[in-house]
Enquirer: 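Would you mind keeping the following structure in view while I ask a few things?
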Amino acid sequence: METKPVITCLKTLLIVYSFVFWITGAILLAVGVWGKLMLGPYISLIADNSTNAPYVLIGTGTVIIVFGLFGCFATCRGSPWMLKLYAMFLSLVFLAELVAGISGFVFRHEIKGTFRRTYTEAVKHYNAEDEASRAVDNLQHKLRCCGVYNYTSWLESVYYPSNGIPASCCFNSSDCQPEDLRNATVAPSKVYHQGCFELVTSFMETNMAIIAGVTFGIAFSQLIGMLLACCLSRIITANQYEMV
């Protein structure tokens with residue numbers, strides 16, 4: 001009978017943990033949907049090919065939501081085998097998040113190299129109409145930057161000879177005429193001088209430690225759930241044997 005308060009306490013803690021775990025899955029699902037709908041063009045500038053990152057987030061979020069509910073159900077039922085299965089799933093999530101965090105930190109320079117290459121190609125083949133070109137325009141307008149390293153990157157594009165530098169480079173659209181953007185002498189005084197590559201990569205470098213810390217923090221939080229599930233399963237099993 002002494003184990004009953006312990007079981008009640010562990011059940012309460014595990015239900016609270018499972019609810020937080022469920023919320024994490026809902027957030028991942030929402031971020032994945034948002035990323036697919038809103039960030040598709042930008043992601044195409046970072047990856048060589050169309051990336052599956054939004055689908056991975058959507059899939060992971062959905063699975064976590066399902067297993068979060070399963071964890072609550074297993075805890076309420078007090079089923080040892082269900083709790084062990086829940087702990088096993090948490091261990092898999094922990095390993096996956098750990099590998100993802102380490103890989104992102106180790107290969108961050110490769111990510112930068114890929115972004116440099118794909119963004120250079122997008123600038124070179126810019127036509128103001130396709131998805132990549134619209135993504136370039138949005139990036140330049142929102143970050144207030146121009147070209148890969150600076151506005152001179154546009155001099156090598158197929159768009160420049162007939163159209164000049166894109167209007168998305170202008171820091172004052174009301175004082176930026178098409179003929180100014182085609183004039184190599186006047187254009188530099190009308191557009192941003194900082195390149196987009198430097199802004200994006202400096203943001204990545206500045207926030208990489210924060211992103212890695214959050215990733216590892218979330219990953220190691222799974223250990224708490226694993227410990228609670230395993231302890232509860234063992235205590236329930238031992239209590240069943242005592243009752244027999």
Side-chain angles (χ1 to χ4, degrees), residues 31-58 100 103-212 215:
V31 170
V33 173
W34 176 76
K36 179 59 183 173
L37 296 177
M38 304 299 294
L39 299 181
Y42 299 105
I43 294 175
S44 68
L45 293 177
I46 298 176
D48 286 312
N49 300 308
S50 179
T51 180
N52 292 321
Y55 295 111
V56 171
L57 289 175
I58 292 172
S103 299
F105 188 77
V106 170
F107 295 109
R108 65 189 185 281
H109 296 298
E110 290 189 16
I111 295 173
K112 288 169 59 178
T114 301
F115 173 63
R116 181 193 293 111
R117 184 169 59 255
T118 54
Y119 193 64
T120 300
E121 287 295 315
V123 168
K124 187 178 294 184
H125 300 290
Y126 176 91
N127 60 16
E129 296 178 358
D130 61 15
E131 185 179 51
S133 297
R134 290 194 297 270
V136 169
D137 282 333
N138 288 332
L139 189 67
Q140 292 186 148
H141 178 70
K142 291 182 178 180
L143 297 184
R144 298 182 179 181
C145 56
C146 186
V148 182
Y149 301 106
N150 52 51
Y151 69 91
T152 60
S153 301
W154 287 104
L155 303 180
E156 301 176 2
S157 70
V158 297
Y159 183 82
Y160 181 79
S162 57
N163 300 282
I165 299 174
S168 57
C169 280
C170 297
F171 53 77
N172 185 357
S173 57
S174 62
D175 185 31
C176 202
Q177 303 303 318
E179 55 271 16
D180 294 335
L181 297 174
R182 289 193 293 268
N183 190 319
T185 305
V186 178
S189 64
K190 304 287 185 179
V191 300
Y192 300 113
H193 284 203
Q194 188 169 20
C196 298
F197 176 75
E198 181 184 351
L199 281 177
V200 173
T201 54
S202 63
F203 174 82
M204 290 173 58
E205 289 291 341
T206 302
N207 294 277
M208 185 58 71
I210 298 175
I211 296 172
T215 301

Enquirer: Under the rule for side-chain contact (heavy atoms from CB on, under 4.5 Å), what residues qualify as partners of Glu198, not counting sequence neighbours?
Expert: Gln194

Enquirer: Please collect all salt bridge (charged side-chain N to carboxylate O under 4.0 Å, His left out) contacts where either partner lies in residues 146-173, sequence neighbours excluded, each pair once.
Expert: none

Enquirer: To the nearest 0.5 Å, how far apart are SG in Cys196 and CZ in Phe115?
Expert: 7.0 Å

Enquirer: Could you list the donor-acceptor pairs under 3.5 angstrom formed between side-chain atoms of residues 177-187 and any protein atom two or more places apart in sequence or on another chain?
Expert:
unit_1, atom_1, unit_2, atom_2, d
Asp180, OD2, Gln177, N, 3.4
Asn183, OD1, Thr185, N, 2.8
Asn183, OD1, Val186, N, 3.3

Enquirer: Could you give the distance from NZ (Lys124) to OH (Tyr119), rounded to the nearest 0.5 Å?
Expert: 14.0 Å

Enquirer: Could you give all pairs that pass the salt bridge (charged side-chain N to carboxylate O under 4.0 Å, His left out) test and reach residues 157-177, with sequence neighbours left out?
Expert: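 Passing the test, one end in residues 157-177: Asp175-Lys190.
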
Enquirer: Can you see which heavy atom on Val33 is nearest to which on Ile58, and at what distance?
Expert: N-CG1, 3.7 Å

Enquirer: Please report, to 0.1 Å, the donor-acceptor pairs under 3.5 Å made by any side chain of residues 157-168, with sequence neighbours excluded.
Expert:
unit_1, atom_1, unit_2, atom_2, d
Ser157, OG, Trp154, O, 2.8
Ser157, OG, Tyr160, N, 3.2
Asn163, ND2, Tyr159, O, 3.4
Ser168, OG, Asp137, OD1, 2.7
Ser168, OG, Gln140, NE2, 2.7

Enquirer: Spell out, as yes or no, whether a donor-acceptor pair under 3.5 Å connects the side chain of Arg134 to the backbone of Ala128.
Expert: no

Enquirer: Which heavy-atom pair separates Ser202 from Leu199 by the least distance, and what is that distance?
Expert: OG-O, 2.9 Å

Enquirer: Applying side chain to side chain donor-acceptor pair (under 3.5 Å), name anything that partners His125, two or more places apart in sequence or on another chain.
Expert: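 His125 satisfies side chain to side chain donor-acceptor pair (under 3.5 Å) with Glu121 only.
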
Enquirer: Identify every side-chain donor-acceptor pair in residues 144-151 under 3.5 Å, counting partners at least two apart or on other chains, and give the distances.
Expert:
unit_1, atom_1, unit_2, atom_2, d
Tyr149, OH, Arg116, NE, 3.1
Asn150, OD1, Thr152, N, 2.9
Asn150, OD1, Thr152, OG1, 2.2

